[in-house]
Amino acid sequence: MIRSRLKNLLDQCFQQGVEQGLWSAAAANLYNLESPRHDGQGDFATNFAMLVAGKERRKPREVAEQLAELLRRDTTLLDKVEIAGPGFVNLFLKPTVWSSVLAPIAEQQERFGLCDLGKGMKVMVEFVSANPTGPLTVGHGRNAVLGDAVARLLTAVGYDVTREYYFNDAGRQMRVLAASLKARYLEKLGLPNEFPEDGYQGGYMYDIAQSMIDEAGDGFKDADANVFRKRAQEAIFADIDTTLKRIGIIFDSYYNEHDLYEKGLIEDVVAELRGKGLVYEQDDATWFKTTEFGQPQDRVIIKNTGEPTYRLPDIAYHREKFRRGFERMVNVFGADHIATVPDVLAGIEALGYDKSKVQVLMYQFVTLLRGGKQVKMSTRKASYITVDELVDEVGIDAFRFFFLLRKSDSQLEFDLELAKSQSQENPVYYVQYAHARLCSIERLAEERGIALPEPASTDLSHLQEAEEYQLLKTLAAYPGLVADAAETLAPHRLIFFLMELAGQFHSFYNKHKVMTEEAQLTAARLCLCQGIKTALANGLALVGVSAPERM
RNA sequence: GCGCCAAUAGCUCAGCUGGAUAGAGCAACGGCCUUCUAAGCCGUAGGCCGCAGGUUCGAAUCCUGCUUGGCGCACCA
């Protein structure tokens with residue numbers, strides 16, 4: 001808001017300079033307006049002069065002086081304009097400008113920070129998408145939290161977001177699952193059984209077997225593999241769903257790979273690719289000419305058994321996303337899954353769709369430490385930590401916050417002992433505590449019979465302390481930060497912002513009293529506090545973390 | 001061998017489209033509760049931003065090469 005007003009002013013001055021022949025239009029849209037890191041460098045600074053000087057082989061300070069001259073004519077925003085360093089033009093705002101952020105916050109409340117950047121565009125966020133072979137584990141947890149936060153952010157900036165879960169309940173994996181369940185079932189009945197070599201060893205298989213025994217005794221002992229597959233799938237999927245709901249993640253739709261087969265969409269894709277001459281037969285298999293799309297080698301899409309590889313349904317699925325009208329698609333994938341992406345992109349490109357509309361948000365692995373040692377995880381071997389176990393230990397808020405604390409393409413180290421022992425000093429509490437403190441101040445005001453003031457009708461010029469000034473600046477940056485975090489699919493940026501805002505508030509709180517003897521100062525500070533509280537609450541909501549009123 | 005990701009303080013990590021003296025949190029050390037919640041605050045100490053070149057007025061940030069670590073490289077998903 002304030003920043004964009006200033007940017008407009010800068011653009012105007014640039015134009016005026018062009019008209020007056022001070023400089024050419026060569027640097028249009030190249031210069032930027034940034035926030036200097038150090039004190040004494042103004043509220044904003046621009047590298048304008050250095051860029052213009054670079055283009056025109058002039059002295060930066062000379063250009064800076066000309067720009068400063070134009071800027072100084074403004075009387076609404078600027079207090080003073082200085083030239084510093086190699087040619088920065090530092091802009092100092094009038095003291096009252098910053099406090100003008102509070103009125104809009106009070107007015108917008110929970111809408112503060114939202115915008116319409118997405119213009120209602122339909123976007124799909126596909127995430128989790130775990131096949132129903134076992135409980136969600138730590139890696140899925142990162143996927144789930146990341147995908148959900150991205151979905152919330154995109155919604156906040158005006159996209160029409162659909163959260164979708166894509167799964168497959170057929171194929172080899174599920175056959176092994178069925179065989180594993182059957183073996184456990186027979187084992188429990190004391191009957192001879194053959195547990196598959198690469199079977200799923202998790203204890204949950206025994207639970208499902210027991211439920212079958214409870215229901216029908218040994219009535220399933222001669223049942224078809226399909227029966228076991230269905231039982232296993234349904235039970236496991238129900239658990240996954242429960243886990244997701246528990247951490248506050250609700251999907252708008254589930255897409256079963258099976259549908260693609262039923263609707264004949266798989267054959268359609270093959271026929272269409274064949275029509276374009278991009279498919280050929282070799283060694284009894286069907287190949288897709290991915291080399292035509294810059295891949296190092298062609299890939300099999302139908303095996304010699306007649307069964308498609310994962311690529312084919314994936315391509316068909318993505319085509320369905322386009323057909324369903326999504327204009328932007330975000331897929332959240334773990335690093336191990338990433339190799340499949342180029343093939344799918346090649347497929348949709350081959351089918352005539354714009355692959356740049358598909359965006360992959362890749363996250364690196366979660367390294368799990370127990371007692372300082374790395375735990376190797378495998379769903380089959382049942383050596384894993386589940387999302388539920390993790391949530392039991394650290395709580396939902398810490399669980400979500402922790403997974404968003406690092407950018408997605410960094411590996412994340414999750415030390416179980418540390419997570420447990422830190423549960424009292426986890427960064428999430430730092431932010432939540434700031435919110436609780438703010439609520440506490442409001443309660444006190446109420447007790448003392450002080451009505452919460454409206455910023456629009458309060459004299460905010462009393463906010464003159466450095467800490468107050470800093471807080472106002474940070475609040476003003478919030479909407480832009482949300483937009484940035486959404487566009488770059490980077491929820492961790494929001495997390496860091498919240499920690500910074502909370503930190504600034506804690507400092508302020510320790511140094512200055514809100515409830516003072518002076519009614520006007522108190523009123524102004526209460527306005528500031530309400531603004532901070534709103535920003536914290538809104539930011540926490542955007543990452544799915546609660547904002548407690550008491551702690 | 002090829003591809004993707006990473007490399008910043010003792011540890012775990014930020015650093016937005018390149019900008020002016022490098023930032024947190026833990027851990028270490030020293031302070032602050034008769035005053036709005038000490039799950040807090042203040043201070044000290046700690047860094048050839050993996051290495052070497054290049055582009056630029058200016059590089060942790062961009063480019064190239066190299067080193068180290070992770071993940072992939074199926075007619076598994």
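Chain A is the first sequence line, chain B the second, and so forth, proteins listed ahead of strands; every chain is numbered from 1. Hydrogens, waters and symmetry mates play no part in the numbers below; they use all other heavy atoms, side chains included. Because the structure is a prediction, the values reported are computed rather than measured.
When both distances must be under 3.5 Å, the Watson-Crick or G-U wobble mate of A52(B) is U64(B). Nucleotide C16(B) has no partner under the Watson-Crick or G-U criteria, as no pair reaches both atom distances under 3.5 Å. U44(B) is paired with A28(B) under the Watson-Crick or G-U wobble criterion, all donor-acceptor distances under 3.5 Å. Figure legend. G1(B) is base-paired to C73(B); pairs are counted as Watson-Crick or G-U wobble with both atom distances under 3.5 Å. Across all strands shown, A39(B) forms no Watson-Crick or G-U wobble pair with both key distances under 3.5 Å.
When the nucleotides A39(B), C5(B), U17(B) are ranked by their closest atom to the side chain of Gln364(A), C5(B) comes out on top. Side-chain proximity of Leu51(A) to G19(B), U21(B), G40(B): nearest is G19(B). Among the nucleotides C36(B), C4(B), A77(B), the one closest to any side-chain atom of Leu444(A) is C36(B). Of the listed nucleotides (C75(B), C16(B), U12(B)), U12(B) has the atom at the smallest distance from the side chain of Glu413(A). In this structure, the nucleotide among G19(B), G23(B), C71(B) sitting nearest to the side chain of Ala335(A) is C71(B). Listed nucleotides C41(B), C57(B), U17(B) differ in distance to Met50(A); the shortest reach to its side chain belongs to C57(B). Comparing atom distances between the Ala84(A) side chain and each of A20(B), G15(B), A77(B) picks out A20(B) as nearest.
Lacking a ring centre under 5.5 Å from that of the base six-membered ring together with a plane angle below 30°, His506(A) does not count as stacked on C41(B). Stacking between Phe88(A) and A20(B) is shown: the ring centroid lies under 5.5 Å from the centre of the six-membered base ring, and the planes differ by under 30°.
Classified by interplanar angle (parallel below 30°, tilted 30° to 60°, perpendicular above 60°), the ring pair Phe48(A)/Trp23(A) is perpendicular. Taking the six-membered ring for Trp and thresholds of 30 and 60 degrees, Tyr509(A) and Phe505(A) have ring planes inclined between 30 and 60 degrees apart. Under the 30°/60° scheme for interplanar angles, the aromatic rings of Phe496(A) and His492(A) are found to stand perpendicular. The aromatic rings of Tyr254(A) and Phe237(A) lie perpendicular to each other, with more than 60° between the two planes, well past the 30° mark.
Here Arg299(A) lies in heavy-atom contact (under 4.0 Å) with sugar-phosphate atoms only. Among the atoms of the strands shown, only primed sugar atoms or phosphate atoms (P, OP1, OP2) are found under 4.0 Å from some heavy atom of Lys407(A). Heavy atoms of Gln41(A) sit under 4.0 angstrom from at least one base atom. Among the protein residues, Glu467(A) comes within range of no part of the nucleic acid, since none of its heavy atoms lies under 4.0 Å from any strand. Using a 4.0 Å heavy-atom distance criterion, Asp284(A) is classed as making no nucleic acid contact. Residue contacts for Ile338(A): at a heavy-atom cut-off of 4.0 Å it reaches no nucleic acid atom on any strand shown. Within 4.0 Å (heavy atoms only), His512(A) reaches at least one base atom of the nucleic acid. Residue Arg37(A) is in sugar-phosphate contact alone, with no base atom involved, counting any heavy-atom pair closer than 4.0 Å across all strands shown. If you check every strand for non-hydrogen atoms under 4.0 Å, Asp283(A) touches a base. Using a 4.0 Å heavy-atom cutoff across all strands shown, Pro342(A) reaches no nucleic acid atom at all. Residue contacts for Ala45(A): at a heavy-atom cut-off of 4.0 Å it reaches a base atom on one of the strands shown. Here Asp409(A) lies in heavy-atom contact (under 4.0 Å) with sugar-phosphate atoms only. Heavy atoms of Met362(A) sit under 4.0 angstrom from primed sugar atoms or phosphate atoms, though from no base atom. Note on Ala285(A): a base of the nucleic acid sits closer than 4.0 angstrom, heavy atoms only.
Side-chain contact annotation: Tyr280(A) with Asp298(A), donor-acceptor N/O pair under 3.5 Å present.
No side-chain heavy atom of Lys59(A) sits under 4.5 Å from any side-chain heavy atom of Glu65(A).
No side-chain donor-acceptor contact under 3.5 Å links Tyr200(A) to the backbone of Ala179(A).
Sparse packing is recorded around CD of Glu549(A), with 12 or fewer heavy atoms of other residues, nucleotides or ligands lying under 6.0 Å away.
For A77(B), the OP1/OP2 oxygens have no side-chain nitrogen or oxygen of Arg172(A) closer than 4.0 Å. Distances shown here put every side-chain N or O of Lys303(A) at or beyond 4.0 Å from the OP1 or OP2 atom of A74(B). Using a 4.0 Å cut-off, no side-chain N or O of Thr309(A) falls inside it from OP1 or OP2 of C76(B). For A38(B), one of the phosphate oxygens OP1 or OP2 lies less than 4.0 angstrom from a side-chain nitrogen or oxygen of Arg437(A). The phosphate of A14(B) (OP1 or OP2) has a side-chain N or O of Ser410(A) nearer than 4.0 angstrom. Using a 4.0 Å cut-off, no side-chain N or O of His337(A) falls inside it from OP1 or OP2 of C76(B). For U35(B), neither phosphate oxygen OP1 nor OP2 lies less than 4.0 angstrom from any side-chain nitrogen or oxygen of Tyr509(A).
A residue-by-residue look at Val514(A) and Asn304(A) shows that Val514(A) has its nearest nucleotide of RNA chain B further toward the 5' end. Between Arg448(A) and Met499(A), it is Met499(A) whose nearest contact on RNA chain B lies nearer the 5' terminus.
Taking atom C1' on both G15(B) and G25(B), the two are 15 Å apart, rounded to the nearest angstrom.
In this model, no side-chain donor or acceptor of Asp336(A) finds a partner on the base of G72(B) within 3.5 Å. If you check distances only, the side chain of Asn90(A) does reach the base of A20(B) with a donor-acceptor pair under 3.5 Å.
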